[in-house]
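Numbering starts at 1 and runs along the sequence shown.
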Amino acid sequence: MPLKVTHPQVVILTTPPHPSPLNFYGMLKQAIKQETNQVILAVLQHPLFAQAVIGLCNTVKAFPGTPTDCTRFLGTTGWQFTDQANFPVLADQKGLFDTLSMIRSLLNCQAGIDSGDIKAFFSFADAIVQLESNCQEAQHQHDLQESIPEESNVKLMDLPEAEPKNSMDLSVAETLQALALSLPALDCR
């Protein structure tokens with residue numbers, strides 16, 4: 001709601017620096033295609049959807065109510081998706097993973113036991129967080145593989161070929177000692 005600030009012969013209308021929750025709902029509705037019963041058929045504009053979700057979550061974070069009140073507030077939006085095909089694209093939207101990770105810790109999961117809408121929000125948030133976590137883990141593993149030069153890969157120590165039965169075989173202790181001596185040469189990061 002604009003604030004009216006008056007000065008001698010000047011009237012200035014100002015708006016809050018951040019959109020109100022109603023604007024976030026409007027953004028959300030504009031970004032999706034929905035059935036009459038509020039089931040989300042498709043996300044039409046991924047960045048706008050992510051911005052609306054982040055805005056709603058930040059509103060909840062500033063909400064003066066209890067965690068249960070905050071949870072119910074988010075549950076009123078309608079988070080039921082017909083499918084999760086575009087969840088990987090949503091998970092990749094800047095800031096969405098961090099916001100959903102943060103907001104889950106502020107909400108009361110038990111408040112959603114009897115509400116399908118609240119359960120749907122938690123399912124959505126959990127799916128996005130899990131997808132992004134999986135991507136981050138895969139990227140971490142990929143980076144580790146690329147950071148290890150090929151020549152530093154562990155090579156089995158060249159042990160002498162086994163000689164005929166009459167020659168003395170290496171004992172287990174000698175083999176372990178030889179392996180232990182070769183370990184400091186490994187490049188462990």
* To do: Please name the pair of heavy atoms, one in Ile118 and one in Gly75, separated by the smallest distance, quoted to 0.1 Å.
  => CG1-CA, 3.8 Å

* **Rounded distance (nearest 0.5 Å) linking atom CG of Leu48 with atom NE2 of His46** => 11.0 Å

* Asked: Crowded around Lys29 NZ? As in, over 12 foreign heavy atoms under 6.0 Å?
  -> yes

* Picking from Thr68, Leu74, Thr76, what satisfies side chain to side chain contact (heavy atoms under 4.5 Å, CB included) with Arg72? -> Thr68

* **Donor + acceptor pair across side chains of Gln145, Gln141 (<3.5 Å)** => no

* Between Phe97 and Ser133, which heavy-atom pair has the shortest distance, and what is it? -> CE1-OG, 3.7 Å

* Asked: Can you name the nearest heavy-atom pair linking Cys70 to Gly65, along with the distance?
  -> SG-O, 4.2 Å

* Heavy-atom closest pair, residues Met102 and Asn58 -> CE-OD1, 4.3 Å

* Classify the side-chain pair Tyr25/Thr59 by whether it contains a donor and acceptor separated by less than 3.5 Å. => no

* Gln93 side chain to Val89 main-chain N or O, any donor-acceptor pair under 3.5 Å? -> yes

* Asked: Any sub-3.5 Å donor-acceptor pair from Thr99's side-chain atoms to Leu96's backbone N or O?
  -> no

* Structure fact -> To the nearest 0.5 Å, atom CD1 of Ile40 lies from atom NZ of Lys33 at 13.5 Å

* Spacing of CD belonging to Gln80 relative to CG belonging to Asp117, to within rounding of 0.5 Å -> 5.5 Å

* Student check: side-chain heavy atoms of Phe121 and Leu100 closer than 4.5 Å -> yes

* To do: Identify the two heavy atoms, one from Pro88 and one from Ala85, that lie closest to each other, and give their separation to 0.1 Å.
  => CD-O, 3.4 Å

* **Approximate separation, where rounding is to 0.5 Å, of Gln45 CD and Ile32 CD1** => 11.0 Å

* **Residue pair Ser123 / Asp126, side-chain donor-acceptor N/O under 3.5 Å** => no

* Evaluate the ring planes of Phe124 and Phe81, with Trp represented by its six-membered ring, and classify them as parallel (under 30°), tilted (30 to 60°) or perpendicular (over 60°). => parallel

* Asked: With a 4.5 Å limit on heavy-atom distance, are the side chains of Phe87 and Ile128 in contact?
  -> yes

* Asked: How long is the span from the CD1 atom in Ile103 to the NZ atom in Lys61, to the nearest 0.5 Å?
  -> 7.5 Å

* **Separation between CD1 of Ile54 and CZ of Phe49, rounded to the nearest 0.5 Å** => 10.5 Å

* Asked: Just checking, is any N or O donor in the side chain of His140 or Gln136 under 3.5 Å from an acceptor N or O on the other one?
  -> no

* Asked: What heavy-atom pair brings Ala127 and Gln84 nearest, and what distance separates the two atoms?
  -> CB-OE1, 4.4 Å

